[in-house]
Amino acid sequence: MRFLAFEGLDGSGKSTLINGLDQEFSARGMGCVISREPGGTPLGNAVRDLLLKVDAEHPVPRAEALLYQADRAQHVEKVIRPALAQKKWVLSDRFAASSLAFQTGGRLISQEEILWLNRFSTGGLEPDLYILLDLSVEESLRRMAGRPQEADRFERESKDFHERVRQAYLRLASQDPSRWLVLNSSETSEQMLHKLLAHLQGLRWLV
């Protein structure tokens, strides 16, 4: 079993890639759990509502960071660790790197503080692999504008905010290439899935 976390700007295709990998695993008879942050647990879904809704008091940056960490602590203990203990793969739409990208890159909170909070909330658990679906801010905004649902609080942030988030992701991936796979989100979902499967096979995680 392995723990994979999928990261990237909104509209980058994380959900589609996760679902495609899940279907591939099912065809191979492999157990798999799909989850997300924020969310993934009843408590996490309540936190998600607090974080994303636009028609209520917005959390200040430090409160926002702590809400994400509370969600993550619950997610790790209630979903991720139990699934791994049952020898299942875990595919999570976002994990601790999101806090480094959004709270350090986007909100400009110090990296040292977010790293400490990540270690505390996860109990030291880290994904075996981060998959970054890299997408330009312009294309992300274009894709999000085409969605029928109303934009959430983060989707309404400035272009500069999203550019800082993207650059933070790219820095994280370049600093630890053995733990990151960067995919070009302008490619089709089929092309990205093919490259991801080839990477997992190259790591000898798939037979």
Side-chain angles (χ1 to χ4, degrees), residues 3-12 14-15 18 33-84 90-127 129-133 135 137 140 144 149-158 160-173 175-176 179-180:
F3 173 22
L4 310 182
F6 295 75
E7 301 283 354
L9 298 179
D10 290 321
S12 59
K14 299 187 305 301
S15 297
I18 289 170
V33 170
I34 295 176
S35 195
R36 68 176 183 177
E37 288 191 359
T41 67
L43 186 148
N45 286 327
V47 173
R48 182 183 182 89
D49 186 53
L50 289 173
L51 284 164
L52 300 185
K53 64 184 178 182
V54 298
D55 57 346
E57 180 184 17
H58 295 174
V60 299
R62 288 182 181 276
E64 178 184 278
L66 292 170
L67 285 168
Y68 273 108
Q69 299 295 342
D71 163 70
R72 184 164 299 129
Q74 192 81 355
H75 188 211
V76 167
E77 295 303 322
K78 294 293 187 179
V79 177
I80 299 175
R81 288 193 189 278
L84 294 174
V90 176
L91 313 180
S92 182
D93 186 338
R94 302 197 184 284
F95 193 62
S98 281
S99 287
L100 290 167
F102 282 86
Q103 273 70 61
T104 294
R107 300 294 187 212
L108 304 178
I109 297 175
S110 79
Q111 180 169 309
E112 291 76 16
E113 290 174 318
I114 297 300
L115 283 170
W116 186 91
L117 288 169
N118 277 346
R119 286 193 296 270
F120 179 77
S121 65
T122 63
L125 179 68
E126 295 185 9
L129 182 69
Y130 274 111
I131 299 98
L132 173 60
L133 282 67
L135 184 69
V137 172
S140 171
M144 297 309 296
Q149 63 266 36
E150 182 182 12
D152 65 36
R153 189 168 63 87
F154 279 92
E155 293 165 1
R156 298 184 183 203
E157 288 288 347
S158 69
D160 287 344
F161 173 89
H162 292 294
E163 188 60 50
R164 292 197 302 272
V165 170
R166 182 194 181 198
Q167 294 306 319
Y169 271 131
L170 291 172
R171 283 194 300 273
L172 290 169
Q175 290 166 2
D176 195 3
R179 194 179 287 275
W180 285 78

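On a predicted model such as this, the values are computed, not experimentally measured, just so you know.
Expressed to the nearest 0.5 Å, how far CZ of F3 lies from CG of L84 amounts to 7.5 Å. Put simply, CG on L117 and CD on E112 are 12.0 Å apart, with the number rounded to the nearest 0.5 Å.
With a 4.5 Å cut-off on side-chain heavy atoms, L170 and L132 count as touching. W180 places none of its side-chain heavy atoms less than 4.5 Å from the side chain of L129. Looking at V76 and S121, their side chains never come closer than 4.5 Å, going by heavy atoms from C-beta outward. Counting heavy atoms from C-beta outward, P61 and I109 have side chains that approach closer than 4.5 Å. With a 4.5 Å cut-off on side-chain heavy atoms, V90 and L4 do not count as touching. Using a 4.5 Å cut-off on side-chain heavy atoms (C-beta onward), E77 and L125 make no contact.
Pairs of residues two or more places apart, or lying in two chains, that qualify as side chain to side chain donor-acceptor pair (under 3.5 Å) and include a residue from residues 160-172 are E7-Y169, R94-Y169, S98-Y169, D134-R166, E163-Q167.
The shortest heavy-atom contact between S12 and L9 is OG-O, 2.8 Å. Here the closest non-hydrogen pair linking Y68 and S99 is CB-OG, 4.2 Å. Between S92 and H75 the shortest heavy-atom distance is OG-CE1, 3.4 Å. Closest approach of P59 and L67 over heavy atoms only: CB-CD1, 4.1 Å. Across every non-hydrogen atom of A5 and P127, the tightest pair is CB-CG, 3.8 Å. For A65 against I114, the heavy-atom pair with the smallest separation is CB-CD1, 4.2 Å.
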Evaluation steps, side chain to side chain contact (heavy atoms under 4.5 Å, CB included), between V33 and L91: CA-CA 6 Å; V33 170; L91 313 180; over 6 Å; no

Working for side chain to side chain contact (heavy atoms under 4.5 Å, CB included), residues V47 and Q69: CA-CA 10 Å; V47 173; Q69 299 295 342; over 6 Å; no

Working for ring-ring contact (aromatic ring centres under 6.0 Å, His included), residues F95 and F6: CA-CA 8 Å; F95 193 62; F6 295 75; over 10 Å; no

Side chain to side chain contact (heavy atoms under 4.5 Å, CB included) assessment of R72 paired with N118: CA-CA 8 Å; R72 184 164 299 129; N118 277 346; 3.0 Å; yes

Verdict with reasoning, D71 to L43, per side chain to side chain contact (heavy atoms under 4.5 Å, CB included): CA-CA 7 Å; D71 163 70; L43 186 148; 5.7 Å; no

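Using a 4.0 Å cut-off between a side-chain N of Lys or Arg and a carboxylate O of Asp or Glu, R107 and E157 qualify as a salt bridge. A salt bridge does not link R48 to E37: none of the charged nitrogens lies less than 4.0 Å from a carboxylate oxygen.
Environment of CD in Q175: crowded, with over 12 heavy atoms of neighbouring residues, nucleotides or ligands closer than 6.0 Å.
Applying the salt bridge (Lys or Arg N to Asp or Glu O under 4.0 Å) criterion to K53, with sequence neighbours excluded, gives D49.
For the pairing with Q103, the side-chain hydrogen bond (donor to acceptor under 3.5 Å, both in side chains) check across E113, R62, E64, Q111 returns one residue only, E64.
Taking the six-membered ring where tryptophan is involved, the planes of F161 and F102 are tilted, since the angle between them lies from 30° to 60°.
Between the side chain of T104 and the backbone N or O of A101 there is no donor-acceptor pair closer than 3.5 Å. Judged by distance alone, with hydrogens and angles left aside, the side-chain atoms of S140 form a donor-acceptor pair with the main-chain N or O of D10 at under 3.5 Å.
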